[in-house]
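As the structure lists them, so they are numbered: ligands from 1, and atoms in each ligand from 1.
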Amino acid sequence: MVTRPMQEDTLSRNGSPPFPKRSTIGVLGLQGDFDAHRRALEAAGAEVREVRRPDQLAGLGALVVPGGESTALLRLLAPRKMDEAIVAFHRTGGVLLGTCAGLILFAKEVASPGQPSLGLLDVTVDRNAFGRQVDSFVDQGRLRLNGTEVETEMVFIRAPRIRRVGPEVEVLGTWNGEPVLVRQDRIFGATFHPEMSPQSPFPQWFAQQVASPQAIAPLGQAAGSREDITP
Ligand code: GLN
C-alpha cells in the first residue's frame, strides 16, 4: 500500500528548503520507554505520533527510537522491515533521535557485547558499560544547546558508553567529561534518558530543532520525497 502524506506542504521542488517543514515527531512504539518520550515531547509542545509500521513514518519530521533493550529491538524491527524504513527515513531527510538502546541501534560499531546495528552514526559504543554495580544512576551533566552550556540531570539506565566519536560527530553533552549526547548531521544519540528528567531542557530543544529545519544541517545530495519510504 502506498500512503501519501496528508499535506504536501513541503516536499522539495527546485529552490525549496532541503528539508521538509514537518514537525510531527514519531516515537517508535515497539519496545522500551516510548510512552515517556511521548509525554515529554507533548509537554514540550510537540505533536507526537506512535510508529509501529513503515507506512506510519510518512509525513513525520523526526523519529525517536527509545531506550529499552537493543537486542529485543533488533529482533522486532526486521520482520516489520522497520530497520530498512528507518534508514530510508533518514536518507530522505528525517531527523533521528536514539536514546540508550536507540543510540546502540544507530551506532556504526557496537562492542561489549558486539551486535549488528544500522550503522548510521559514526560512533563506537560499549553496551552495559557501567557494569552491574552501578548499572543505573542519576547525576548532573552538561549540555551545549544553541551555543549555551547548561547543567542538567541525566538518568543512566544500563547505559552504553561512547568510546569513539567520528570526525563528523559533534558532542553536545558530557557527563564527567565523556560524551553522552552527540549529533551527526540529522542524527542525535544520547546515552542517558532525557525523557525521564522533567526539568531537562532537551525535549523542548529537540522539538524546536525538528520544527525549524534550518537548524538541522542541510541534507546534501540525498534530497528526496518521504513517499520513498512507504512500502
Ligand atoms: N543495556 C541496554 C541495551 O544494551 C540499553 C539500556 C537502555 O536502553 N536503557 O540495549
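- Ligand 1 places these atoms under 4.0 Å from at least one heavy atom of I104: 3 (C), 4 (O), 10 (O).
- Contacts of R127 with ligand 1, taken as heavy-atom pairs under 4.0 Å, involve the side chain alone.
- L77 and L120 end up in the same hydrophobic cluster when Ile, Leu, Val, Met, Phe, Trp and Tyr side chains are linked at under 4.5 Å.
- E109 and R163 are not joined by a salt bridge, as no carboxylate oxygen comes within less than 4.0 angstrom of a charged side-chain nitrogen.
- Cation-pi geometry between R52 and F34 is met: under 6.0 angstrom from the ring centre, within 45 degrees of the axis.
- Not a single N or O atom of C100, backbone or side chain, sits closer than 3.5 Å to an N or O atom of ligand 1.
- Polar contact check, G67 against ligand 1: no nitrogen or oxygen pair lies under 3.5 Å apart.
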Q: Please test L118 against H90 for side chain to side chain contact (heavy atoms under 4.5 Å, CB included), starting from the C-alpha separation and ending with a verdict.
A: CA-CA 11 Å; L118 300 183; H90 171 251; over 6 Å; no
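- The N/O atoms of T71, backbone and side chain alike, include none that comes under 3.5 Å of an N/O atom in ligand 1.
- Nearest protein heavy-atom neighbour of atom 5 (C) of ligand 1: G68 O, 3.5 Å.
- Side chain of Q184 to main chain of D122: a donor-acceptor pair is present (N/O by atom type, distance under 3.5 Å, no hydrogens or angles).
- Ligand 1 has no nitrogen or oxygen under 3.5 angstrom from a nitrogen or oxygen of T99.
- Close contacts between ligand 1 and S70 involve ligand atoms 3 (C), 4 (O), 10 (O) [criterion: under 4.0 Å to a heavy atom].
- Under a 4.0 Å N-O distance rule, the pair R91/E84 does not qualify as a salt bridge.
- A distance-only check finds no donor-acceptor pair linking the side chain of R144 to the backbone of N146 [under 3.5 Å].
- N128 OD1, 2.6 Å is the protein heavy atom nearest to atom 1 (N) of ligand 1.
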